[in-house]
Amino acid sequence: MEITRERWEAAQEAECLDHLGNLKNNPEYSSGEYITAQYLGINYEEDFKDKFVIEVGAGPQGALLLTKGNFKRAIVVEPLIDKFPSYIRENYENMGIEVVTEMYEDVSYDDVDETWFFNVLQHVISPEKQLQIGKETSKVVRVFEPINYPPNLCHPHVLTKELFTGVFGEGFGTTYYGNSRPDFHTADCYYGTWVAEW
């Protein structure tokens, strides 16, 4: 379940155009992170004040912005950041969030409390590898990702429940059914929180 660097770059370009279109129509657009928080049972502003959190593929309006800076350390891994308007990077940095433009597979950090994968894994070179890295380097991994969604230029991968249970164990995760919440995912999704036993 891995694509070539060339296929990834083509998907990134298409995804960038999609984000830029959304930003043009609504500079404050978000992907439903508050609803995601409800499903994961978290409070962005209260739950991470002593935590080092990495958000993978945060896009222009990542969930870490909703913490209002209430964290110990925070990083967004976003290869497209410098293709967005400059205020996007500034929004993150003004909140004390570090911005990393490398692919998640190419970065390494110690003592990570949480890693978040919210609507990103269809866009990466290897979803399984990214989940494995999160599991190996973090105390907690939070996931909310579309499943069984047909591939297209922006989305090279079809994610399945089995991808997540294969990495995190048979008991991991719950299915969200598309269109069951207004103004949220129209696709079925899989979500859950994995906690390390160390």
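Because the structure is a prediction, the values reported are computed rather than measured.
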Taking all non-hydrogen atoms of both residues, which atom of [X] and which atom of [Y] are closest, and how far apart?
X	Y	answer
Phe48	Asn43	CE1-O, 3.8 Å
Pro146	Cys189	CA-SG, 3.7 Å
Leu163	Pro127	CD2-CB, 4.0 Å
Val112	Thr137	CB-O, 3.4 Å
Val143	Glu145	CG1-CG, 3.8 Å
Gln122	Pro156	O-CD, 2.8 Å

Could you measure the distance from the [atom1] atom of [X] to the [atom2] atom of [Y]? Nearest 0.5 Å is fine.
X	Y	atom1	atom2	result
Phe52	Ile75	CZ	CD1	3.5 Å
Arg181	Ile35	CZ	CD1	4.5 Å
Thr160	Ile147	OG1	CD1	7.5 Å
Tyr104	Leu131	OH	CG	9.0 Å
Arg142	Thr36	CZ	OG1	12.0 Å
Ile42	Glu33	CD1	CD	10.0 Å

Query - Test item: side-chain donor near acceptor, Gln130 and Glu105, under 3.5 Å - result: yes

Query raised in the report: So, the side chain of Lys135 versus the backbone of Val167: is there a donor-acceptor pair under 3.5 Å, distance only?
Result: yes

Requested in this report: For the pair Ser138 (side chain) and Val141 (backbone), establish whether a donor and an acceptor sit closer than 3.5 Å, ignoring hydrogens and angles.
Outcome: no

Is [Y] reachable from [X] through a run of I, L, V, M, F, W or Y residues, each pair having side-chain heavy atoms under 4.5 Å apart?
X	Y	value
Val124	Val100	yes
Val140	Val120	no
Phe84	Tyr87	yes
Leu159	Phe172	yes

[Y] and [X], any side-chain heavy atoms less than 4.5 Å apart:
X	Y	value
Leu65	Gln61	yes
Asp113	Lys72	yes
Leu64	Tyr44	no

Report task. Just do the side-chain contact (heavy atoms from CB on, under 4.5 Å) check on Val77 and Glu102 with the steps written out, would you? Result -> CA-CA 7 Å; Val77 177; Glu102 287 86 4; 6.0 Å; no

Query - Verdict with supporting geometry, Asp82 and Thr101, side-chain contact (heavy atoms from CB on, under 4.5 Å) - result: CA-CA 8 Å; Asp82 292 323; Thr101 58; 3.9 Å; yes

Query raised in the report: Can a salt bridge be assigned to the pair Lys139 and Glu114 using a cut-off of 4.0 Å between side-chain N and carboxylate O?
Result: no

Query raised in the report: Out of Phe144, Tyr177, Phe118, which one pairs with His185 under the ring-ring contact (aromatic ring centres under 6.0 Å, His included) rule?
Result: Phe144

Taking the ring of [Y] and the ring of [X], is the distance between their centroids below 6.0 Å?
X	Y	result
Tyr149	His157	no
Phe184	Tyr34	no
Trp194	Phe117	no

Query raised in the report: Do other residues, nucleotides or ligands put more than 12 heavy atoms under 6.0 Å from the CD atom of Gln132?
Result: yes

Requested in this report: Give a yes or no on whether Asp106 atom CG has more than 12 heavy-atom contacts from other residues, nucleotides or ligands under 6.0 Å away.
Outcome: yes

Report task. Test ring-ring contact (aromatic ring centres under 6.0 Å, His included) on Tyr191 and Tyr39 and set out the steps. Result -> CA-CA 8 Å; Tyr191 68 94; Tyr39 281 96; 5.2 Å; yes

Requested in this report: Before giving the answer on side-chain contact (heavy atoms from CB on, under 4.5 Å), spell out for Trp116 and Glu55 the whole-Å C-alpha distance, their side-chain angles and the decisive distance to 0.1 Å.
Outcome: CA-CA 5 Å; Trp116 298 349; Glu55 182 176 3; 4.3 Å; yes

Requested in this report: Could you list the residues that satisfy side-chain hydrogen bond (donor to acceptor under 3.5 Å, both in side chains) with Lys68, not counting sequence neighbours?
Outcome: Glu45

Report task. Step by step, work out the side-chain contact (heavy atoms from CB on, under 4.5 Å) result for Val53 and Thr67. Result -> CA-CA 11 Å; Val53 181; Thr67 65; over 6 Å; no

Report task. Using the six-membered ring wherever Trp is involved, compare the ring planes of Phe164 and Tyr190 and label them parallel, tilted or perpendicular (cut-offs 30° and 60°). Result -> parallel

